[in-house]
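Atoms within a ligand are numbered from 1 in the order they appear, just like the ligands themselves. Note that the structure is predicted; figures quoted are calculated from it, not measured.
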Amino acid sequence: MLRFGTVIPISSYSSITCSCINNHPHHPTSLSTSVSEASLKATMNRLAGVARLMIVSDLDHTMVDHHDLDNLALLRFNALWESNYRNNSLLVFSTGRSPTLYKELRKEKPLLVPDITIMSVGTEITYGNSMIPDDGWIEILNQKWNRNVVSEETKKISELTLQSETEQRPHKVSFYIQKDKAEDIMKVLSTRLEERGLDVKIIYSGGMDLDILPQGAGKGQALAYLLKKFKAEGNLPHSTLVCGDSGNDAELFSIPDVHGVMVSNAQEELLQWHVANAKDNPKIIHATERCAAGIIQAIGYFNLGPSKSPRDVTDLSDSKMEKFDPAYEVVKFYLFYERWRRAEVENSELYFANLKAVCCPSGILVHPSGIEQSLHDCINSLRQCYGDKQGKQFWVWVDQVLFSQLGSDSWLVNFKKWEQSGEERKGCLTTAVLSSKDVTVAKGLTWLHVHQTWLNEAGSSNGISWLF
Ligand code: GLC
Ligand code: MG
C-alpha cells in the first residue's frame with residue numbers, strides 16, 4: 001500500500017527495476033584513480049584508520065534549529081564535535097538543499113565544515129573543503145533517468161508548483177504540493193512516469209515538498225554507497241549515527257547497522273514511516289530534545305562516545321582530563337574568550353591570572369593583519385574588553401580543529417576560528433603551537449605561538465577589533 005509521507009519507489013509495484021548498479025562499469029571500486037576517489041582517501045587518511053563515529057545529519061530542523069535564534073544547541077554540538085570527535089571521526093551533512101541554498105545556510109548559521117557533504121536529497125556527494133564531486137555517483141544516477149520526461153509529465157499536473165530554479169538539479173526535480181493533495185498526486189505521478197519507462201523515486205517531505213529523483217538516489221542510497229566504499233577500503237566507521245526530522249530522511253533509518261535519531265521536533269511523515277517500518281528497531285530513537293540537542297542526546301543514549309559538550313561545563317578551569325588534549329584546549333580557550341566578552345564569567349583576578357598562565361611570556365601572536373604582538377599583550381587587551389558583548393548576539397566557535405604531535409611535549413594545531421557579532425562574521429585560519437613542558441595535565445597546555453590569516457574578505461575590513 002502507498003503510504004502518505006513516505007518514500008515511494010516505483011519499482012515496488014512495477015516490473016521496471018534498476019538492477020544494474022552492481023554490475024555497472026563505473027562501480028565505485030573501479031574508480032580508484034578519479035579525483036573524488038583521491039579526495040575520499042584523503043578524508044580517510046586524515047583519520048589514520050577507522051572513524052570512531054560517523055554522524056550523518058540532515059540540516060534544516062535537525063542540525064539547524066530555525067527557531068533557536070541564539071543557535072545554542074548547534075554551538076553546543078560544535079564544541080562537542082571539535083573537542084572530542086573531529087580528530088578521529090567523520091561528519092557528514094545530508095541535506096535536501098541544493099549547493100546554492102546549502103551555501104546560503106552556511107552564511108546564516110554557525111555550521112561546521114563537514115568531511116562529506118551530500119546535497120539535493122542524496123543526488124550530489126562531495127568531499128572535503130573544496131567539495132570535490134563524486135563522479136562515480138553521478139554515473140549511477142544516470143540509470144533510467146531522464147529529467148525532460150519528468151518535466152513533461154509534471155507540467156500536466158496543475159497541483160504541482162515548481163520550486164525555485166536553484167532547487168532543480170541534474171538528478172532532482174522539486175515541487176511544492178498541498179498536504180491534502182500529496183498522496184493522490186504521488187500515485188498518479190508514479191504511474192505516469194512508470195509508463196514512460198522511468199524508474200524514479202518520489203519523496204514527500206516537510207508537509208509540502210515533493211522531490212522526484214532517480215530510483216537509485218536519495219539520502220539512504222547515498223549513505224549506502226559511501227558505506228560500501230568505506231568497506232571496500234577496510235575503513236568502515238566503528239559506529240554510524242543518522243539524524244533527521246522529515247520524509248526525505250526516512251531512508252537513512254533503513255540502512256542496516258546504523259544508529260538513528262529522529263529529533264523531538266520530527267515531522268509527522270517521518271514518525272508515521274517509523275511506526276510502519278522500523279518501530280521495533282532498538283537502534284532508532286525519537287529524542288526528547290530538539291535538533292542538535294537531540295543529536296547530542298542520542299550520542300549519550302547509544303554510548304557512542306563523550307556526550308558532554310564543553311559548553312555545558314560551567315567552570316572550564318575545573319579540568320578532569322586524563323591526558324593532554326590540544327583540541328579540548330583550543331575549544332576551551334575560545335569558549336572562555338566568548339564568555340569573558342559576554343560577561344558570563346566573573347571578572348576575577350584568578351581567571352585573568354589563569355589565562356596569562358596558559359600563554360608563554362615570550363609567546364607571539366601574528367595577527368591576521370600581519371602585526372606581531374606578544375601573547376601577554378593580547379591577554380591584557382582582552383581584559384579591557386570584559387563584557388563588551390554582554391546581552392548582545394556574539395558567538396565564537398572553532399572549526400576543523402586538527403592537530404599533530406611535533407615532539408614529546410609539543411603539538412601543532414590547525415583550526416578555523418570564527419566570531420560573529422550580530423550579522424557580521426569574521427574568521428581566521430589559525431595555526432598554534434602548544435606545549436606541555438613544565439605543566440600538569442590539570443593545568444593544561446601552554447600556548448607558545450599563534451599565527452592567523454583572514455579567511456574571508458569581510459574579516460579584513462574591520463581588523464582592529466579582532467583580538468585572537
Ligand atoms: C530542501 C530543498 C528542496 C526539497 C526539500 C525536501 O528544502 O531545498 O528542494 O524539496 O529539501 O527534500
Ligand atoms: Mg530537515
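Using bins of under 30°, 30° to 60° and over 60° for the plane-to-plane angle, the ring pair W454/W466 lands in the perpendicular bin. In this pair, W397 and W418 present their aromatic rings parallel. The plane angle is below 30°, not in the 30 to 60° band.
S120 places no side-chain N or O within 3.5 Å of a backbone atom of T123 that could act as its donor or acceptor partner. In terms of modelled atom types and a separation under 3.5 Å, the side chain of D249 and the main chain of D245 share a donor-acceptor contact.
The Mg ion (ligand 2) lies closest to atom OD1 when only the N/O/S atoms of D245 are considered. Here the N, O or S atom of D60 that is nearest to the Mg ion (ligand 2) is O.
With ligand atoms numbered from 1 in the order given, ligand 1 contributes 12 (O) to contacts under 4.0 Å with heavy atoms of V121. Close contacts of ligand 1 with E167, meaning ligand atoms under 4.0 Å from a residue heavy atom, involve 2 (C), 8 (O), 9 (O). Interface of G96 with ligand 1, defined as ligand atoms under 4.0 Å from a residue heavy atom, comprises 1 (C), 2 (C), 8 (O), 11 (O). Of all atoms in ligand 1, numbered sequentially from 1 with element shown, those under 4.0 Å from a heavy atom of K172 are 3 (C), 9 (O). Short contacts between ligand 1 and S174, defined as distances under 4.0 Å to a heavy atom of the residue, involve ligand atoms 9 (O), 10 (O). The atoms of ligand 1 that sit less than 4.0 Å from any heavy atom of R97 are 1 (C), 2 (C), 8 (O).
For the pair L213/H171, no side-chain contact is recorded, criterion being any heavy-atom separation below 4.5 Å from C-beta on.
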